[in-house]
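Step one of this worksheet: look at the structure below.
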Amino acid sequence: MAKGEKPDIRDFSLEDLEAVVAQTGERSFRAKQLAGWIYGRGADSFEAMLDLPKPFREYLKNHFKIGSGAMATVARSSDGTRKLLVRLADGEAIESVIIPSREIEATPAGDRLNQRITLCMSSQAGCAMACEFCSTARMGLHRNLTVGEILSQVFLARRELEADEHLTNYVFMGMGEPLANYPRLLKALTIMTSEWGMGISPRRITVSTVGIVPMMERIATDIPVRLAVSLHATTNELRDRLAPINKRYPLEVLLEACARLPIKQRERITFEYVMLRGVNDSIDDARRLVKLLAPVRGKVNLIFFNAFEGSGFTTSSRQAVEDFQAILRRGNLTATIRESRGLDIAAACGQLYAEQAAAS
Ligand code: SAH
């Protein structure tokens with residue numbers, strides 16, 4: 001933190017707020033009240049917190065700021081996707097994407113149409129994981145986001161929603177490797193999912209990781225959010241190249257850990273698999289994937305590769321993706337195909353870098 005700068009109160013858990021309250025001699029219930037204003041209602045000024053005593057509000061105003069000064073510019077896609085280019089106080093830029101979708105859910109009472117609005121969130125500015133097909137990787141890691149910066153994405157996104165819209169799902173699939181910024185991620189997730197915080201069900205939050213095994217084990221015991229693992233290959237030889245973290249945690253280690261994770265019965269880990277033409281999309285790959293995932297409670301999400309300048313890959317054909325999916329299904333694996341969204345505003349997976357470069 002720069003000298004003379006006030007701490008961002010959105011970095012504070014309930015425990016931290018309790019310490020602030022204790023220091024001022026206020027009654028302890030004020031901490032929950034304050035958390036309600038900051039996280040529940042998303043207040044952006046202390047003046048608005050009218051049920052707090054005036055001297056306490058003054059104290060807070062003199063010692064803290066609300067939010068880190070992040071500002072968003074918004075691009076809208078014809079398909080309803082909205083991309084927020086979020087400028088941080090130090091000039092770094094990250095992106096969050098609002099993705100409306102509809103899905104048909106089979107219930108005992110018949111099919112139901114669900115309107116979902118997913119917020120795709122970033123955890124770092126840039127990324128150190130160096131996956132070969134990802135445009136963010138080309139930036140390298142600039143820095144970790146603070147707790148307040150992670151959360152600011154939710155408050156900024158809410159402002160861009162129509163009156164009848166609200167966010168239903170949250171996925172850490174934007175810039176960065178969430179488990180490489182673990183203490184801050186966990187604190188942000190705790191604030192998001194606590195009753196005193198944002199009150200979001202952990203089942204509606206997915207953390208996607210490239211496969212940092214010890215951190216996967218930690219998050220699974222720390223907080224019951226959903227996990228997604230970016231797999232992308234069925235041999236160590238190929239995965240070493242596509243996702244170099246594989247050299248540290250090779251496939252057998254990763255999948256063994258997945259099979260042992262303490263997740264609830266009926267829960268499934270999502271395995272993301274980017275379809276790269278002629279690289280990982282063969283019938284043999286599909287068969288190997290079935291075998292690899294047999295001991296794991298998992299499902300597969302097949303993703304069309306989004307090409308970017310100089311990526312060196314092209315996406316598999318729709319036919320190849322569907323054939324691949326059919327083999328997984330025959331092998332008793334649930335497999336879905338993720339359609340690309342927001343292509344006209346470069347908001348699709350892996351496209352977050354180009355825009356950032358263009359904006360700076
Ligand atoms: N670091 C985390 C989360 C960010 S990436 C992770 O690796 O899971 C979110 C997803 O987008 C990952 O599955 C990633 O492999 C995928 N992705 C990255 N670049 C892509 C591209 N160009 N096209 C399609 N998907 C891509």
Side-chain angles (χ1 to χ4, degrees), residues 81 83 94-97 99 118-142 144-145 150 153 169-182 185 188-189 205-213 215-216 219 225-233 238-239 241-246 248-249 254 258 269-277 279-281 289 298-316 318 321 335-343 346-356:
T81 302
K83 183 177 64 177
I94 53 162
E95 293 191 345
S96 331
V97 189
I99 311 164
T118 303
L119 181 64
C120 178
M121 300 170 68
S122 296
S123 54
Q124 300 180 308
C127 186
M129 295 297 125
C131 297
E132 197 184 4
F133 55 88
C134 177
S135 61
T136 303
R138 312 253 155 141
M139 295 172 65
L141 177 64
H142 289 200
N144 283 323
L145 299 189
I150 295 173
Q153 299 174 75
N169 297 76
Y170 303 79
V171 299
F172 284 87
M173 296 183 186
M175 252 185 210
E177 167 51 44
L179 298 188
N181 187 14
Y182 190 68
L185 175 81
L189 291 172
I205 302 176
T206 302
V207 171
S208 178
T209 178
V210 70
I212 304 180
V213 168
M215 298 325 265
M216 291 169 61
I219 194 171
V225 295
R226 290 178 192 272
L227 266 188
V229 177
S230 294
L231 199 66
H232 309 319
L238 180 61
R239 198 166 189 271
R241 197 188 120 200
L242 295 181
I245 192 79
N246 194 67
R248 184 123 47 110
Y249 308 110
L254 175 62
C258 287
I269 300 172
T270 300
F271 290 91
E272 293 157 285
Y273 196 97
V274 176
M275 298 293 289
L276 303 167
R277 183 186 301 237
V279 175
N280 67 355
D281 64 348
L289 191 52
K299 58 184 178 191
V300 178
N301 196 205
L302 301 173
I303 308 173
F304 283 100
F305 170 67
N306 293 298
F308 55 92
E309 182 90 24
S311 69
F313 295 104
T314 50
T315 188
S316 309
R318 180 162 294 268
V321 177
T336 49
I337 298 175
R338 188 193 296 169
E339 301 292 340
S340 263
R341 304 291 308 274
L343 279 174
C349 305
Q351 298 190 324
L352 300 181
Y353 175 51
E355 198 66 17
Q356 132 102 15

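We count ligands from 1, going down the list as the structure has it; atoms in each ligand are counted the same way. Only this structure's heavy atoms are used, side chains among them; waters, hydrogens and symmetry mates stay out. Along the sequence shown, residues carry numbers from 1.
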For ligand 1, note which part of [X] has a heavy atom under 4.0 Å away: side chain, backbone, both or neither.
{"X": "Val274", "value": "side chain"}
{"X": "Thr209", "value": "backbone"}
{"X": "His232", "value": "side chain"}
{"X": "Met173", "value": "both"}

Counting distance only, does the side-chain N/O of [X] pair as donor-acceptor with the main-chain N or O of [Y] below 3.5 Å?
{"X": "Asn181", "Y": "Leu145", "result": "yes"}
{"X": "Thr315", "Y": "Phe305", "result": "yes"}
{"X": "Arg239", "Y": "Leu231", "result": "yes"}
{"X": "Glu95", "Y": "Met175", "result": "no"}

**Item:** Close N or O approach (Ser230, ligand 1; < 3.5 Å)
**Value:** yes
Rounded to the nearest 0.5 angstrom, the OG1-OH distance for Thr118 and Tyr170 is 10.0 Å
Which atoms from ligand 1 have a heavy atom of [X] less than 4.0 Å away?
{"X": "Phe305", "answer": "21 (C), 22 (N), 23 (N), 24 (C)"}
{"X": "Phe304", "answer": "24 (C)"}
{"X": "Cys134", "answer": "18 (C), 19 (N)"}
{"X": "Val210", "answer": "6 (C), 7 (O), 8 (O)"}

Ligand 1 contacted by [X] (non-hydrogen, < 4.0 Å):
{"X": "Met129", "value": "no"}
{"X": "Gly174", "value": "yes"}
{"X": "Gly176", "value": "yes"}

Closest heavy-atom approach to atom 17 (N) of ligand 1 among Phe308, Phe172, Phe133 is made by Phe133
Problem set entry | Verdict with supporting geometry, Glu272 and Asn301, side chain to side chain donor-acceptor pair (under 3.5 Å) | CA-CA 5 Å; Glu272 293 157 285; Asn301 196 205; over 6 Å; no
Applying side chain to side chain donor-acceptor pair (under 3.5 Å) to Arg248 and not counting sequence neighbours gives none
Are any of the side-chain heavy atoms of Phe271 and Lys299 separated by less than 4.5 Å?
no
Q) Could you go step by step and tell me if Glu177 and Ser123 meet the side chain to side chain donor-acceptor pair (under 3.5 Å) rule? A) CA-CA 7 Å; Glu177 167 51 44; Ser123 54; over 6 Å; no
